[in-house]
Amino acid sequence: MPARKSSGTAPHREGPWAEVFAPRAKGEKRYWLVKSEPETFSFDDLMAAPGKTTEWNGVRNSAARNFLRDGMKKGDQVFFYHSMTNPSAVMGICEVVREGYPDSSAFDRRSEYYDDKSDPAAPTWFMVDLKAVKKLKSPVSLHAIKQNPALAEMALVRISRLSVTPVRSQEWDEIIAMSAGG
DNA sequence: GCCAACGTTGGC
DNA sequence: GCCAACGTTGGC
């Protein structure tokens, strides 16, 4: 592929994650995983939220931001993962109900997510709205995921620091199967 | 534009 | 509490 003027095409659309930003077949659904520390916001908190829905704000990593802003589409299915806890695990399923829009917490001086470098006229950070679909029958722990060779390539495993990651459809199906008790 | 220093995330 | 993996920052 010859080098090409970059105008009009953001780098992340051509990088290692290009496929998750690629145009979709009609009606194609894609899959994702988001992390949350349960002491901050747990899956049960989402189930109890008004409309079982929340703004997924506070993400301050540019790769994760790209997934939120440009990757996720309405109707996409999302694993809700508990991090920084024992055991860290996929707890439930939620759904994208609103596509990427500017993260207002970045402009709120009182917010712990305030970022004085984000300009409201050209926002740096984005969020989506997520709605709980259901809790998994049994959580699928990171340990179990790492034990499963079919999941060795999961972004969750490969890039442990990323708080929003793509999930391949076969990985999604594998974890759903594991959550039913094998 | 390079790269070392530093800060953050998150598993263990 | 430690450490690996990254992202960001700042000196040059």
Side-chain angles (χ1 to χ4, degrees), chain A residues 2-7 9-21 31-46 54-72 78-94 100 102-128 130 132 135-136 138-168 171-172 174-175 178-179:
Chain A
R4 161 161 62 97
K5 283 282 193 183
S6 63
S7 63
T9 308
H12 64 275
R13 295 186 182 278
E14 297 176 339
W17 301 109
E19 65 188 54
V20 308
F21 300 108
Y31 303 94
W32 308 89
L33 179 148
V34 297
K35 297 180 182 178
S36 184
E37 297 180 22
E39 285 171 23
T40 304
F41 191 81
S42 69
F43 188 73
D44 286 340
D45 291 334
L46 181 58
T54 191
E55 296 180 339
W56 203 257
N57 62 14
V59 173
R60 298 291 178 267
N61 169 284
S62 54
R65 183 274 318 279
N66 293 341
F67 297 139
L68 293 173
R69 186 187 58 193
D70 303 325
M72 289 183 176
V78 182
F79 282 137
F80 192 116
Y81 175 89
H82 282 179
S83 65
M84 299 296 284
T85 190
N86 193 13
S88 294
V90 177
M91 302 303 292
I93 295 170
C94 47
D103 181 345
S104 53
S105 70
F107 312 126
D108 178 359
R109 286 182 177 281
R110 290 162 308 175
S111 170
E112 60 176 312
Y113 303 125
Y114 176 65
D115 177 7
D116 63 0
K117 291 189 292 299
S118 183
D119 173 6
T124 304
W125 305 117
F126 284 72
M127 60 188 177
V128 297
L130 295 178
K135 195 167 182 170
L136 294 185
S138 59
V140 178
S141 69
L142 180 62
H143 179 75
I145 289 170
K146 287 182 167 176
Q147 297 285 112
N148 186 335
L151 301 175
E153 298 301 314
M154 264 193 94
L156 172 72
V157 175
R158 302 290 295 266
I159 315 173
S160 71
R161 287 187 335 111
L162 253 192
S163 62
V164 180
T165 60
V167 175
R168 297 190 181 99
E171 295 165 345
W172 180 274
E174 189 69 26
I175 286 176
M178 291 165 79
S179 75

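First the proteins, then the strands, lettered A, B, ... as listed; each starts at 1.
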Which atom pairs, one a donor and one an acceptor, fall under 3.5 Å between side chains of residues 119-127 of chain A and the rest of the protein, sequence neighbours left out?
unit_1: A/Asp119; atom_1: OD1; unit_2: A/Ala121; atom_2: N; d: 2.8
unit_1: A/Trp125; atom_1: NE1; unit_2: A/Asp115; atom_2: OD2; d: 2.7

Return a table of donor-acceptor pairs under 3.5 angstrom between the side chains of residues 152-165 of chain A and protein atoms on other chains or two or more places apart.
unit_1: A/Glu153; atom_1: OE1; unit_2: A/Arg158; atom_2: NH1; d: 2.2

Where protein sits on nucleotides 7-12 of chain B, one letter per nucleotide: B base, S sugar-phosphate only, - none, heavy atoms under 4.0 Å:
-BBBSS
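Applying the side chain to side chain donor-acceptor pair (under 3.5 Å) test to pairs two or more places apart or on separate chains, none has a residue in residues 80-90 of chain A.
With sequence neighbours left out, the ring-ring contact (aromatic ring centres under 6.0 Å, His included) criterion links A/Phe79 to A/Trp172. In terms of the side-chain contact (heavy atoms from CB on, under 4.5 Å) criterion, residue partners of A/Ser62 (sequence neighbours excluded) are, by chain and number, A/Arg65.
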